[in-house]
Amino acid sequence: MKSTSLRAAAACGAALLAVGGITAVATTATAADPVGLHISGTQLVERNGTPFVARGVSHAHTWYAHETDRAIPAIRAAGANAIRVVLSGGRWTANGPADVANVIALCKANQLVCMLENHDTTGNGEQSGAVSLDTAAQYWVSLASVLQGTEDFIQINIGNEPTGNNEPQVTGWTTDTANAIKKVRAAGLRHNIVVDAPNWGQDWKGVMRDTAQTVAAADPEGNTLFSVHMYGVYAQASTITAYLDAFKAKGLPLVIGEFGHDHSDGNPDEATIMREAVTRGIGYYGWSWSGNSGGVEYLDMVTNFNPAQKTTWGTLIFDGANGIKSTARTATFFSGGTPTPTSSPTPTSSPTPTSSPTPTASPTPTQSPTPTSSPTPTQSPTPTPTSNPGGACTATLTVSNSWPGGFQGTVDVTAGSSALSGWTTSFTLPGGATVSQGWSATFSGTGSAVTASNAAWNGALGAGQTVTYGFIGAGTAPTGSVAVTCR
C-alpha cells in the first residue's frame, strides 16, 4: 500500500520525453499471432505457450539509478526470474528513453523478465504531486521507440498504486484504467500490460475485484494482468485467500505486485501470501531490494545494496519456505527452448524461519482465526447511509468481502454542507461480530460496539467531500444495513 511517506524509497525510472509520429495501431493478438508475454485464461504465458510465474522483487531505480548496474545482476544471482523496475516521468528524477533502454538491456543480459512501472501515479487524489493514469499512459507512449520489440521479456505496469483512498479517484479507477490501456495500445505497444488496484494498490473497497472484467474487455489485445499489493489489509490468511479466490472464480489473471513482511498499516501474513502464490501458480514481487527510508527501512532485503548483507526480510523471501530461490523458473525466451510447461513447485508448509520472526509491534489478531476453506466471496449487501442528528456528516458501511468466520468492511464518511476539521463514527456489528483490524481511522470501543475517528491525515473534509476507512471483522458478516452515526 505504501504512500511515499510510508515507504519513501523504492522505484525505478522513466521520463516524459515526447516521441512524435507514432501512428501504429494495435492489432488483437490471436493464437496464431502470439505477442511475447501474453494472457491465456488466468495465466501469463510466453510466446511459446509456456506459463511464466514471476518470482521477483522491486528495485528503486528512479532514486538509485547509480546502483542499478550492480543491483540487477545481484537480484538475478540471488535467484529471481523477474524484477519490477519503478520509473518516473518527472515526479521524481525523470528516466528518459536512453536510461530506460539501458535498464532493458540489463534485464535481458541477466535473463530477467522486467516489469517497468511508472511510480508517478502513486496515491493520486490523496497525495500531492501524483499524476493521473492518462498522464502515465502518455509516458509509455513517449517510450515507444525503446519498448517496441521487447514484448518477450518486458511488461508495462501503467501506474503504481494509482489512487489513494479518496473519491472520486477510487470509483473512477475502472474508467481511468480502461482509457489508459486504450491509449497505450493506440501507440502500437502490444506488451503485456499490468494494472495496479486502487486504494494504494490494496483494493480494500473491492473496486478492481468487482470491475476487472470491464477493464479486461477494454484491451484490444486481451493482454492485461491485474496486480494487487498486499500489506496491512492482508494480515489474515482468510483475507488473502478470499481475494485470490475471487479472481479465480472470474477466470481473470492476477499477480501479487508488491508485498512485505511488515508495514506501518499492519502486519501482512507473508507466509500465506507466498504459500498461496506457489499453490496457485501466481507470480509475486516483494518490496524491495534496498534503499527504503522514512521509517520503512525494514523492507530492505539487503543493506546498502550489498548482496552479501541480506536482512531478515531478504533471507525470508529469497531463502525461506516458498521463497524465490526454490520456486523461480527462468523464462524459456532466454534459453531458446520450448519445453513442456512444468507443474508448479509443491508449496511447503514450513513456518516462517525462526531467524526471521514476525515483528511483535504489529501482531496478527488472534481473535480472527484462519478458516479451513476459502469459498468464493459473497455479494455485499446494498449499504444504507445513516446521518447524525446534527447533519454534519453521513456515513455508510459496506461489507465488501466475506468468508466463514470473517469479513471485510468499508465505511464512507461524507461531509455535509459545511467543511469538517474532524469526524467520529460509531456503529454496532450484529451477531457478536467484532473488528479485529482496521486502517485509515483510529479505532476504539468494546466488543461489537465500534467507534472510529479520523486519522491524523484525513480529518479535514470540504463540504460534500468523502473519505473512506476499512476494517477486518471477526464473526458473521452483516447481511443487512448497519446504522452508522457520524459527528
- Rounded to the nearest 0.5 angstrom, the CZ-OG1 distance for R329 and T50 is 13.5 Å
- Note on the structure: Rounding to 0.5 Å, atoms NE2 (H38) and OG1 (T224) come to a distance of 13.5 Å
Ionic contact status for [Y] with [X], cut-off 4.0 Å:
{"X": "R190", "Y": "E151", "answer": "no"}
{"X": "R84", "Y": "E117", "answer": "yes"}
{"X": "K250", "Y": "D245", "answer": "no"}
{"X": "K205", "Y": "D210", "answer": "no"}

Residue pair [X] / [Y], side-chain heavy-atom distance below 4.5 Å:
{"X": "I273", "Y": "I256", "value": "yes"}
{"X": "W200", "Y": "E126", "value": "yes"}
{"X": "F153", "Y": "Q111", "value": "no"}
{"X": "E258", "Y": "Y285", "value": "no"}

Within the 6.0 Å centroid threshold, strictly below: [X] and [Y]:
{"X": "W289", "Y": "H59", "answer": "no"}
{"X": "H119", "Y": "W63", "answer": "yes"}
{"X": "F259", "Y": "Y234", "answer": "no"}

- Count the heavy atoms belonging to other residues, nucleotides or ligands that lie under 6.0 Å from NZ of K183, then report whether that count exceeds 12. yes
- In this structure, are over 12 heavy atoms from other groups packed under 6.0 Å from K310 atom NZ?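 Counting other residues, nucleotides and ligands, NZ of K310 exceeds 12 neighbours.
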- Message: Can a donor-acceptor pair be found, under 3.5 Å and without considering hydrogens, that links the side chain of R70 to the backbone of P307?
- Response: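 Checked: no pair found.
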